[in-house]
Participant: 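Pasting a structure below so you can have a look.
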Amino acid sequence: MSLRSLHSWNVTPTEAREIQERFRNRVRQKNAASLRRIRHVAGVDVSLKAAQVTAAIVVLDYPTLELVDVATQRQKVSFPYVPGLLTFRECPAILAAYEKLQIEPDLMLVDGQGIAHPRRFGLAAHLGVLLGKPTIGCAKSRLIGTHDEPHEQAGCYTDLFDGNELIGAVLRTRANVKPLYISVGHNIELPTALDFVLDCCQGYRLPEPTRLAHQSAGGLLRSSRARY
DNA sequence: GCGACAG
DNA sequence: ATCTTGTCGC
């Protein structure tokens, strides 16, 4: 599993925006044929501490959601946090962690936006295009867009719009908790993305893939701790 | 100019 | 994201 870098990561914020404008047209919002037979779903998350970013990718068996692989990568922060440019701060470490995986996932749930982004190229979309793999953006808060509040029952959702353009959905993954902002990352359709996210929820606000990746990035996941 | 702003 | 324990509510 080696990766080809389509562009440099050593860029300025202005260059980063240009890269997003240049690659946004590579995003595909149609279900990949591979989605019909998913065996492994991954969760991606990154933690930040003491000028160091720690990316974690967990791979779960699907649909049992049993943890089967974990990979992490810690390195120095090399880009400032700028709303809309989160990818340039987190993606390098994510790609390094990805190369350490022993099991290649068929679908990835990413902690961040997909196309619900100013230039329709958030972290999940960017990662999906670079890996040529289906991805779903599962953000815990809004970056852009307007929406009605979804009903409090788990499974309810409302559309997320940027003007009159549908860019995602606001999904209640658990009753009486803040909803998640779901959007297409790559090679998938929004309805399908919502189905998979709900399918991966096990009673917590965050779906298992993202929830375990979060614990792993924070060094709290039992299985990953043994790797240190 | 003012407010908003993934993690 | 991170700094941080107990505590109120479904």
Side-chain angles (χ1 to χ4, degrees), chain A residues 9 13-14 16-17 19-20 23-24 27 43-58 72-97 108-130 135-147 150-156 160-163 167-186 190 193 197 203-207 209-221:
Chain A
W9 290 108
T14 296
R17 293 188 187 87
I19 288 172
Q20 295 180 326
F23 289 98
R24 59 181 295 175
V27 172
V44 181
D45 189 37
V46 174
S47 68
L48 181 68
K49 189 175 65 174
Q52 295 261 301
V53 292
T54 298
I57 302 180
V58 298
T72 62
Q73 169 70 32
R74 187 170 72 171
Q75 55 189 52
K76 289 183 181 177
V77 171
S78 61
F79 196 88
Y81 170 67
V82 180
L85 301 182
L86 182 65
T87 298
F88 293 83
R89 188 175 172 76
E90 308 191 337
C91 212
I94 292 173
L95 293 175
M108 305 178 86
L109 303 204
V110 185
D111 186 37
Q113 311 290 350
I115 63 171
H117 176 278
R119 290 167 289 285
R120 306 292 184 270
F121 206 59
L123 176 59
H126 201 137
L127 189 59
V129 167
L130 290 183
T135 58
I136 298 172
C138 296
K140 297 184 295 301
S141 63
R142 188 193 70 92
L143 174 57
I144 64 165
T146 58
H147 65 85
H151 292 164
E152 294 298 327
Q153 179 183 14
C156 292
L160 178 63
F161 290 101
D162 181 11
I167 58 175
V170 185
L171 175 68
R172 194 81 67 182
T173 52
R174 173 186 172 159
N176 308 309
V177 298
K178 287 168 55 71
L180 254 38
Y181 290 74
I182 309 301
S183 60
V184 167
H186 186 55
L190 184 58
V197 170
Y204 294 93
R205 177 163 85 121
L206 299 183
T210 299
R211 195 176 76 82
L212 296 184
H214 184 28
Q215 296 185 342
S216 182
L220 303 175
L221 181 62

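Side-chain atoms are counted along with the backbone in the values below, which use heavy atoms only and exclude waters and symmetry mates. The sequence lines fix the lettering, A, B, ..., with proteins before strands; numbering per chain opens at 1.
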Participant: Grab the CG-P distance between N176(A) and dC10(C) for me, whole Å please.
Facilitator: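 The distance from CG of N176(A) to P of dC10(C) comes to 9 Å, rounded to the nearest Å.
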Participant: Could you tell me how far apart F88(A) (CZ) and dG7(B) (P) are, to the nearest whole angstrom?
Facilitator: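 Value for this atom pair: 18 Å.
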Participant: Does dG7(B) have its OP1 or OP2 closer than 4.0 Å to a side-chain nitrogen or oxygen of S141(A)?
Facilitator: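 Indeed, a polar side-chain atom of S141(A) lies that close.
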Participant: Measure CG/L171(A) against P/dA6(B) and give the value in whole Å, please.
Facilitator: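 Computing the L171(A):CG to dA6(B):P distance gives 19 Å.
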Participant: Taking side chain as C-beta onward, heavy atoms only, is V197(A) less than 4.5 Å from C138(A)?
Facilitator: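 Answer yes - side chains close enough.
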Participant: Is R142(A) close enough to dA6(B) that one of its side-chain N or O atoms is under 4.0 Å from OP1 or OP2 there?
Facilitator: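 No, outside the criterion.
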Participant: What is the distance from atom OG1 of T210(A) to atom CE of M108(A), rounded to the nearest 0.5 Å?
Facilitator: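 Interatomic distance, T210(A) OG1 to M108(A) CE, rounded to 0.5 Å: 10.5 Å.
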Participant: Nearest whole Å is fine: how far is dG7(B) P from R89(A) CZ?
Facilitator: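 Going from R89(A) (CZ) to dG7(B) (P), I get 13 Å.
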Participant: Please state how far atom CD in Q113(A) lies from atom P in dA6(B), giving the value in whole angstrom units.
Facilitator: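 Taking atom P of dA6(B) as the reference, CD of Q113(A) is at 8 Å.
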Participant: Would a 4.5 Å heavy-atom cut-off, applied to side chains only, mark T54(A) and S47(A) as touching?
Facilitator: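 The answer is yes, as the side chains (C-beta and beyond) meet within the 4.5 Å cut-off.
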Participant: Using a heavy-atom cut-off of under 4.0 Å over every strand shown, decide if G137(A) touches base, sugar-phosphate, or nothing.
Facilitator: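 Counting heavy atoms under 4.0 Å across all strands, no contact is made by G137(A).
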Participant: Write down the distance between NZ (K178(A)) and C1' (dC10(C)), rounded to a whole number of angstrom.
Facilitator: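 Whole-Å distance recorded here is 18 Å.
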Participant: Hey, does D111(A) have a side-chain heavy atom less than 4.5 Å from the side chain of H214(A)?
Facilitator: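 Result no, sub-4.5 Å side-chain heavy-atom pair not found.
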Participant: So is the aromatic ring of Y181(A) stacked onto the base of dA6(B), judging by whether the centres are under 5.5 Å apart and the planes are under 30° apart?
Facilitator: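 Whether judged by distance or by angle, Y181(A) falls short somewhere, so it does not stack on the base of dA6(B).
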Participant: Hey, does L85(A) reach any base, or is it just sugar-phosphate, or nothing, if we go heavy atoms under 4.0 Å?
Facilitator: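 Counting heavy atoms under 4.0 Å across all strands, the contact made by L85(A) includes a base.
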Participant: Describe the nucleic acid contact of I144(A) in one word from base, sugar-phosphate, nothing, applying a heavy-atom distance below 4.0 Å.
Facilitator: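 Nothing, no nucleic acid heavy atom in range.
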Participant: Starting from P on dT4(C), measure out to NZ on K49(A) and report it in whole angstrom.
Facilitator: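 Taking NZ of K49(A) and P of dT4(C), I get 12 Å after rounding.
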Participant: When we call it a touch if two heavy atoms are under 4.0 Å apart, what does V53(A) touch: a base, just sugar-phosphate, or nothing?
Facilitator: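 No contact at all - V53(A) keeps every heavy atom at 4.0 Å or more from the nucleic acid.
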Participant: For L220(A) and dT2(C), what is the distance between atoms CG and P respectively, to the nearest whole Å?
Facilitator: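 For the pair L220(A) CG and dT2(C) P, the rounded distance is 10 Å.
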Participant: Compare the minimum distances between each of dA1(C), dG7(B), dC5(B) and the side chain of L143(A), then state the nucleotide with the smallest one.
Facilitator: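 Out of dA1(C), dG7(B), dC5(B), the nucleotide with an atom closest to L143(A)'s side chain is dC5(B).
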Participant: Would you please classify the geometry between the F88(A) ring and the F79(A) ring as parallel, tilted or perpendicular, with 30° and 60° separating the classes?
Facilitator: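 F79(A) vs F88(A) ring planes: tilted.
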